[in-house]
Amino acid sequence: MDIAILGPGCANCVNLERVTREAVADLGVTATVEKVTDYGAIAGYGVMSTPALVVDGEVVLSGRVPTTAQVAELLAARTTA
Amino acid sequence: MSLAEHLRARTPTRRWVGLGVAAAVWTGLYAANAPFWDWLLLDVVGLDEGTRVGSGVHFFFYDTVKIALLLVGIIFVVTVLRSFMSVERTRAMLGGRREGLGNVLAAGLGVVTPFCSCSAVPAFIGFVAAGVPIGVTMSFLIASPLVNEVAIALLLGLFGVGPTLLYVGAGLTIAVVAGLVLGRMRVERWVEPFVFETRLGGRPVDPAVGLTWDDRIQMGVEEVQTILRKIWPYLLVGIGLGAAIHGWAPDDLFARYAGADNPFAVLVAVAIGVPLYSNAAGVLPLVEALHDKGLPMGTLLAFMMAVVALSLPELILLRRVLKSRLIALFVAVVATGIVATGYLFNTVLGV
């Protein structure tokens, strides 16, 4: 699973990355987590509100920091699909 | 069980009853605030409100509780209401709008759209890609920090409805006029070219879609926690300074140097306010104390707007998409608007 965190690097983006890493650890899935800070690349995903979470190339969440459980839910839905 | 999990576990009935109880507790605490500190500090401890120490200490405790309650209440309500809006929706509403009406709509949406200043650049790119004129986009970007929910909460509690409406009206007017002025100057040439070349791809996710009431309530609770955690040091310093001014500063000290008869007071207030970028929460208790000491409302509003509107971190972010010329112009136009507001209100309202 390829996970990308979109955001210029403010507190919200840092929180989203932490929450996502926790969710990945909780689920025990193998995933790569990368950060995307380039604005052109962020816009390329169609995202206007950061932070945003991209899983396997698809934006699944933007504009807010979810809880670890919510991210785990989102990721779990993708592993079974 | 964390508060968020607790909320999540609630049934709809229990959720609304819980919210009702929370509202009742809030109202009770707010009503009991003044009598409680009167009783504790004046009757039990024996402070005299006529003395400097007495009035300063009373002001500090009473104001801290009042401001904390106002912030909790208003940030919660604003966050829940805002969870229905998103930058994506705003863009859809602004797409294809012309200048003029577009600026008015953009300023209004700037106030109600939840917006983190880190998103300024992606939002700017998104608006431009959707064909929103630069001046209209600017109205949005100016209104968003200028009409600030923390400032609204505090103004409402400290000064009442009138000055709050003045602040919101003035903020919207500045955003509309500044956007119109910048739009007329054909500022496109000072926008970094990559903005116009960037195409929005992918399938965007609207953050406002698919939220349940529990999600919205939880977002409200989290936002209250986040903002309070961030601003409490500013708040205590601000209230402390306010209390010191309240108790110790001679009555005519500020009025003598910055009163209504000093024509430069507004300019000086804005010049001090812009680099002092902090938080409305730290500045408003100060503003309240200065108002008590006879400073006119226009000067104080101008000072407060200068503090909240032009933030250095946001300007640095915007530098990624706007050339320095346009950033300077942006600051100049907004600062001029704020100065004009200060003089206008001083003339209309007096002290």
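Below, each value reflects all heavy atoms present in this structure, side chains not excepted, and no hydrogens, waters or symmetry copies. Remember, predicted model here, so these are calculated numbers, not experimental data. We name chains A, B, ... by the order of the sequence lines, and we start the count at 1 in each one.
Listed options A/Ser49, A/Gly40, A/Gly63 were ranked by heavy-atom pairs under 4.5 angstrom with chain B; first place goes to A/Ser49. Ranked by heavy-atom pairs under 4.5 Å with chain B, the list A/Gly7, A/Pro8, A/Pro51 is led by A/Pro8.
Other residues, nucleotides and ligands place no more than 12 heavy atoms under 6.0 Å from the CE atom of B/Met93. Within a 6.0 Å radius of CH2 in B/Trp232, no more than 12 heavy atoms belonging to other residues, nucleotides or ligands are found. Under a cut-off of 6.0 angstrom, the local environment of CZ in B/Arg189 is crowded, with over 12 non-hydrogen atoms contributed by other residues, nucleotides or ligands.
If you measure heavy-atom distances from B/Phe127 to chain A, the contacts under 4.5 Å come from both the backbone and the side chain. Neither the backbone nor the side chain of A/Leu6 has a heavy atom closer than 4.5 Å to any heavy atom of chain B. Only the backbone of A/Val65 comes within less than 4.5 Å of a heavy atom of chain B; no side-chain atom from C-beta onward does.
At a threshold of 4.5 Å between non-hydrogen side-chain atoms, the residues B/Asp215 and A/Gln70 count as touching. Taking 4.5 Å as the limit, some side-chain heavy atom of B/Glu222 sits within range of a side-chain heavy atom of A/Thr67. Side-chain contact between B/Pro122 and A/Val47: absent, with no pair of heavy atoms (C-beta onward) separated by less than 4.5 Å.
Within residues 317-325 of chain B, the residues approaching chain A closer than 4.5 Å by heavy atoms are, in numerical order, B/Leu317, B/Arg320.
With hydrogens and angles disregarded, a donor-acceptor distance shorter than 3.5 Å links the side chain of B/Ser119 to the backbone of A/Thr50.
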Can A/Arg64 and B/Ser83 be said to form a side-chain contact (heavy atoms from CB on, under 4.5 Å), step by step? CA-CA 10 Å; A/Arg64 64 194 174 99; B/Ser83 69; over 6 Å; no
